[in-house]
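All remarks here apply to the structure that follows.
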Amino acid sequence: MTDKSLQNFNISGFQKELIEWYQANKRNLPWRADQDPYKVWVSEVMLQQTKVDTVIPYFQRFISKYPTPYDLAYADEQDVLKTWEGLGYYSRARNLQNAVREIVSSYDGKVPDNPKQLGSLKGVGPYTKGAILSIAFNQPEPAVDGNVMRVLARVLKIDDDIAKSGTKKKFEQLAAAIVSHDDPSSFNQGVMELGALVCTPKEPMCMFCPVQDYCRAYQSGVEQELPVKSKTKKQKTVQYAALLIQNDNGDIVIEKRPENGLLANMWQFPMVPVDEIGKAHIEQWFRMEYGIDIILQVKKGNVSHVFSHLRWQLEVYEAYTTSLETADNRHRFVSSSELDHYPFPVPHQKMMKYLD
DNA sequence: AAGTCGGGGGC
DNA sequence: GCCCCAGACTT
C-alpha cells in the first residue's frame with residue numbers, strides 16, 4: 001500500500017480495545033442470535049442505507065416467512081415484495097431472491113464462503129460480501145460502510161471526501177490492513193457498532209470511546225470536522241394527478257409498475273403526468289393510454305412524498321368509469337379488500353385513506 | 001465519476 | 001427544511 005495513514009499506528013492495540021468494547025457493549029439484535037450465513041445475509045441487505053430500528057421488525061417477519069434459502073427461492077416475487085413493503089429500495093428484495101435462487105441451483109442451497117462466488121451474486125457488493133465473509137465465516141475481509149469510513153476518517157485523520165465514489169477503495173485497503181485475524185467478526189461489527197453508538201456523525205461521544213487514545217482526530221480536536229462529506233443536490237419535483245377510479249361494482253383500478261426503474265414491479269393507482277399534458281386533458285390522456293373512459297369527480301386531497309433524488313406531488317382525484325375490466329393483465333380492477341394482497345409503495349398507501 | 005434507487009427519524 | 005442511515009447498480 002502506498003498510503004501512509006497507518007505509519008506509527010498501533011494496529012494490535014486498536015484491535016484489542018475495540019473488540020473488548022464490542023464484546024461488552026454489543027446490542028442484542030435478532031440477527032446476532034446465531035451465525036447462519038443466510039440470516040446474516042438477509043440482515044445485511046436490509047441494513048443497506050437503513051437504520052437498525054427500522055430493520056428489526058422486517059427482519060423478524062422475513063425470517064419467519066422465509067426461514068431458509070429454499071423458502072425464499074420458491075416464493076412468489078410479489079409475496080416477497082409485499083413482505084418488503086415499506087422498507088424501500090425494493091430492488092434489494094428482488095436481487096436477494098435472484099441470488100438465493102442462484103445458490104439453490106448452483107451451490108446446493110449453501111451460501112458460498114469464497115469472495116469470488118459470493119461477490120458475483122446479485123445485490124452482493126463489496127460491503128455485503130465482506131460482512132458475510134467476516135461475520136458468518138470468520139474470514140479477515142474488510143467490510144466498509146458509512147460507519148467504517150467515518151470511524152477510520154477520524155481515527156486516522158483522513159480528509160478525503162467520503163461522498164466521492166473513489167474514496168471507498170482507499171478505506172477498503174486500510175480496513176483490510178487493520179482487520180483482526182483473530183476475531184474478524186467482532187472487529188468489523190465493532191467498528192460499525194462504535195460508529196452507531198459512540199462515533200456518531202454529529203456530537204460524537206469521545207469521552208466514552210474505547211479507542212480515544214488511538215484517535216488522531218480527537219488528539220487534534222478536529223473530530224467534529226471529520227469526515228469530509230460534500231453536499232448532495234436537492235430533488236426535482238414531479239406533479240401527478242393520481243386517480244382512485246371506481247366502477248359500478250365498487251372495484252378500483254390498480255396497475256403494476258414496469259419491471260425496471262423506480263419502484264419496479266410494485267403496484268399503484270394510475271398516475272397522470274400533469275406537468276406534460278396539462279390538467280385539462282387528464283380524461284382524454286387516460287383514454288388514449290389505458291383505453292378506459294373515466295369521469296373525474298372530486299379532488300380528495302394532496303399527497304407529497306420525498307425520494308432520494310425526486311419528489312412526488314400527487315393531487316388525488318376520485319373518478320368514475322363504466323368499464324368493468326381492463327385490456328391487459330398489468331391493469332386490474334380489484335375490490336378494496338383485495339388491495340391488501342398487492343405491494344404498494346408508501347405514497348400510494350397514503351392515498352388509500354381517501355377511499356371510502 | 002455521477003445518477004438512480006425508498007423511507008424514516010433526528011434536529 | 002437538511003442530514004443520515006451496516007450500499008449496489010447503471011450509465
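Here is how names work: the chains are called A, B, and so on, in the same order as the sequence lines, proteins then strands, and each is numbered from 1.
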**OP:** Tell me whether the OP1 or OP2 atom of C/dC5 has a side-chain N or O from A/Arg150 closer than 4.0 Å.
**Re:** yes
Original post:
Taking the side chain of A/Thr232 as its heavy atoms from C-beta onward, which of B/dG7, C/dC3, C/dA6 lies nearest to it?
Top reply: C/dC3
Original post:
Donor-acceptor pair under 3.5 Å: do we get one between A/Thr50's side chain and the base of B/dG6?
Top reply: yes
**OP:** Scan A/Trp41 against the nucleic acid and name what it touches under 4.0 Å (heavy atoms): base, sugar-phosphate only, or nothing.
**Re:** nothing
**OP:** Send over the distance from A/Lys202 NZ to C/dC2 P, rounded to a whole Å.
**Re:** 13 Å
Subject >> Proximity to the side chain of A/Ser165 - top-ranked nucleotide from B/dC5, C/dA8, B/dA2 >> reply: B/dA2
Subject >> Residue of the set A/Ile245, A/Leu339, A/Asn247, A/Leu243 for which side chain to side chain contact (heavy atoms under 4.5 Å, CB included) holds with A/Ile252 >> reply: A/Leu339
Original post:
Which comes earlier along DNA chain B counting from the 5' end, the contact point of A/Gly86 or that of A/Lys233, where each point is its nearest nucleotide?
Top reply: A/Lys233
Subject >> Parallel, tilted or perpendicular: rings of A/Phe344 and A/His348 (30°, 60°) >> reply: tilted
Subject >> Residues A/Asn188 and A/Ser134: side-chain donor-acceptor under 3.5 angstrom >> reply: yes
Original post:
In whole angstrom, what separates A/Leu262's CG from C/dT10's P?
Top reply: 16 Å
**OP:** Please work out which of the three classes, parallel, tilted or perpendicular, describes the rings of A/Tyr70 and A/Tyr74, given edges at 30° and 60°.
**Re:** tilted
Subject >> Of A/Met46 and A/Gly166, the one whose closest DNA chain B nucleotide lies more 5' >> reply: A/Gly166
Subject >> B/dG6: pairing nucleotide in any strand, Watson-Crick or G-U under 3.5 angstrom >> reply: none
Original post:
At under 4.0 Å between heavy atoms, what does A/Tyr127 touch on the DNA or RNA strands: base, sugar-phosphate, or nothing?
Top reply: base
Original post:
The side chain of A/Thr128 lies closest to which of these nucleotides: B/dG7, C/dG7, C/dC4?
Top reply: C/dG7
Original post:
For A/Thr54, which contact category applies under a 4.0 Å heavy-atom criterion: base, sugar-phosphate, or nothing?
Top reply: nothing
Original post:
Any side-chain N or O of A/Arg311 less than 4.0 Å from the OP1 or OP2 oxygen of C/dG1?
Top reply: yes
**OP:** Name the nucleic acid region contacted by A/Gly195, choosing base, sugar-phosphate or nothing; use a 4.0 angstrom heavy-atom cut-off, strictly under.
**Re:** nothing
Subject >> N-O pairing of A/Lys300 and A/Glu318 below 4.0 Å >> reply: yes
Original post:
Which of the following nucleotides, C/dG7, B/dG7, C/dA6, is nearest to the side chain of A/His305?
Top reply: B/dG7
Subject >> Sugar-phosphate, base or nothing in reach of A/Arg257, heavy atoms under 4.0 Å >> reply: nothing
Original post:
Does the side chain of A/Phe171 reach to within under 4.5 Å of the side chain of A/Ile158, using non-hydrogen atoms?
Top reply: yes
Subject >> Value in whole Å for how far the P atom of C/dC3 lies from CD of A/Gln235 >> reply: 10 Å
Subject >> C/dG7 phosphate, OP1 or OP2, under 4.0 Å from A/Lys129 side-chain N/O >> reply: no
**OP:** Measure the distance from OH on A/Tyr90 to P on B/dG6 and round it to the nearest whole Å.
**Re:** 7 Å
Original post:
CD of A/Gln48 versus C1' of B/dC5: gap in Å, rounded?
Top reply: 12 Å
Original post:
Which part of the nucleic acid does A/Leu310 contact within heavy-atom distance under 4.0 Å: base, sugar-phosphate only, or nothing?
Top reply: nothing
Original post:
Centroid-to-centroid, A/Trp84 to A/Phe62, below 6.0 Å?
Top reply: yes
**OP:** For the side chain of A/Lys51, starting at C-beta, report the closest nucleotide among B/dG7, C/dA6, C/dC4.
**Re:** C/dC4
Subject >> Interatomic distance, A/Asn98 CG vs C/dC9 C1' [rounded to whole Å] >> reply: 13 Å
Subject >> Short side-chain N/O contact from A/Lys234 to OP1 or OP2 of C/dG1, under 4.0 Å >> reply: no
Subject >> Atom P, compared across C/dC3 and B/dG3: separation rounded to whole Å >> reply: 16 Å
Original post:
Can you tell me how far C1' in C/dC4 sits from the matching atom in B/dG6, rounded to whole Å?
Top reply: 14 Å
Subject >> Closest nucleotide among B/dC5, C/dA6, C/dC3 to the A/Trp31 side chain >> reply: C/dA6
Original post:
Within this structure, what is the NZ-to-C1' distance between A/Lys231 and B/dA2, rounded to whole angstrom?
Top reply: 19 Å
**OP:** Looking only at side-chain atoms of A/Val346, point me to the closest of B/dG8, C/dA6, B/dG3.
**Re:** B/dG8
Original post:
Taking the same atom, P, in B/dG10 and in C/dA6, what whole-Å distance lies between them?
Top reply: 14 Å
Original post:
Thinking salt bridges, do A/Lys299 and A/Glu315 make one under a 4.0 Å N-O criterion?
Top reply: yes
Subject >> Of the listed nucleotides B/dA2, C/dA6, C/dC4, the one nearest the side chain of A/Lys164 >> reply: B/dA2
Subject >> Residue A/Asp145, side-chain heavy atoms: nucleotide from C/dA6, B/dG3, B/dC5 that is nearest >> reply: C/dA6
**OP:** May I ask you to say what A/Val55 touches in the nucleic acid, namely base, sugar-phosphate or nothing, with a heavy-atom cut-off under 4.0 Å?
**Re:** nothing
Subject >> Per A/His309 side chain, nearest of listed nucleotides B/dT4, B/dG6, C/dA8 >> reply: B/dT4
Subject >> Rounded distance in Å - CG (A/Asn260) to P (C/dA8) >> reply: 20 Å
Original post:
In terms of the nearest nucleotide of DNA chain C, which residue is placed more toward the 5' end: A/Lys229 or A/Leu121?
Top reply: A/Lys229
